[in-house]
Amino acid sequence: AQSVTQPDIHITVSEGASLELRCNYSYGATPYLFWYVQSPGQGLQLLLKYFSGDTLVQGIKGFEAEFKRSQSSFNLRKPSVHWSDAAEYFCAVGPTGGGNKLTFGTGTQLKVEL
Amino acid sequence: DVKVTQSSRYLVKRTGEKVFLECVQDMDHENMFWYRQDPGLGLRLIYFSYDVKMKEKGDIPEGYSVSREKKERFSLILESASTNQTSMYLCASSLRVSPLHFGNGTRLTVT
């Protein structure tokens, strides 16, 4: 069975500082990987996805993530955080066979200090 | 832009009531999903559908059923609402192999 672990429940960073949110997955083959962001009272918005190819993927809002097969990780990064990035972030894994039955992590709540 | 619309943002129901949560998407997506979101538990899949009149159980289907009579509409039904079904419910849709697009959610309170 596939699973996702986001070890950090809460993270606080200062505006302008760099950010890394951790995500580890368990899956029998190379999975599809996603990062979503959820602002308060909203649904989830896709930040970026990895299906195949280049292991460093670029997303919206200046975010990027790197797929590391040897570590079963897909960490999300941003070089300089803005106050508007405060939100909850979810990592998700899905089967490469399609069907899109995604499994989500428990989320990381990001707080940005001004 | 894909639009996934959930009919209610907030809903308050009594224990034992039958509850319908409606979701409509406008992009002719084959796949539709219902998740519930609880603090500390992330999103958990309740039911999903790959086509009209098709449905498959997710990870936590107990106490729920679904209906998909038309491609654009996917309904979640709580046959007899209970307090432990108080939660945020999120609907999503997608093409066969593509990211999920989410609605804004329905926050259901069962008293």
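In the text below, chain A, chain B and the rest are named by the order of the sequence lines, each starting its count at 1.
With a threshold of 4.5 angstrom between heavy atoms, A:Leu46 approaches chain B through side-chain atoms but not through N, CA, C or O. Looking at B:Leu41, only its backbone comes within 4.5 Å of chain A, counting heavy atoms on both sides.
Environment of NZ in B:Lys71: crowded, with over 12 heavy atoms of neighbouring residues, nucleotides or ligands closer than 6.0 Å.
One hydrophobic cluster, built from ILVMFWY side chains closer than 4.5 Å, holds both B:Ile60 and B:Tyr89. Cluster membership for B:Phe74 and B:Leu95, using ILVMFWY side-chain heavy atoms within less than 4.5 angstrom, is not shared. In terms of hydrophobic clustering, with Ile, Leu, Val, Met, Phe, Trp and Tyr side chains grouped at heavy-atom distances under 4.5 Å, B:Leu90 and B:Ile77 are assigned to different clusters. Transitive grouping of hydrophobic side chains (ILVMFWY, heavy atoms separated by less than 4.5 Å) brings A:Phe74 and A:Ile60 into a common cluster. Linking Ile, Leu, Val, Met, Phe, Trp and Tyr residues whenever their side-chain heavy atoms come within less than 4.5 Å places B:Val66 and B:Leu21 in a single cluster.
Per-residue heavy-atom pair counts under 4.5 Å with chain B were compared for A:Gln42, A:Glu88, A:Gln45, and the maximum is reached by A:Gln42. Counting heavy-atom pairs closer than 4.5 Å to chain A, the top-ranked of the candidates B:Gln37, B:Arg44, B:Glu56 is B:Gln37.
To the nearest 0.5 Å, the span separating OG on B:Ser94 from CG on A:Leu102 amounts to 7.5 Å.
Residue-level contacts of residues 99-111 of chain B with chain A, in order of numbering, are B:Pro99, B:Leu100, B:Phe102, B:Gly103, B:Asn104; threshold 4.5 Å between heavy atoms.
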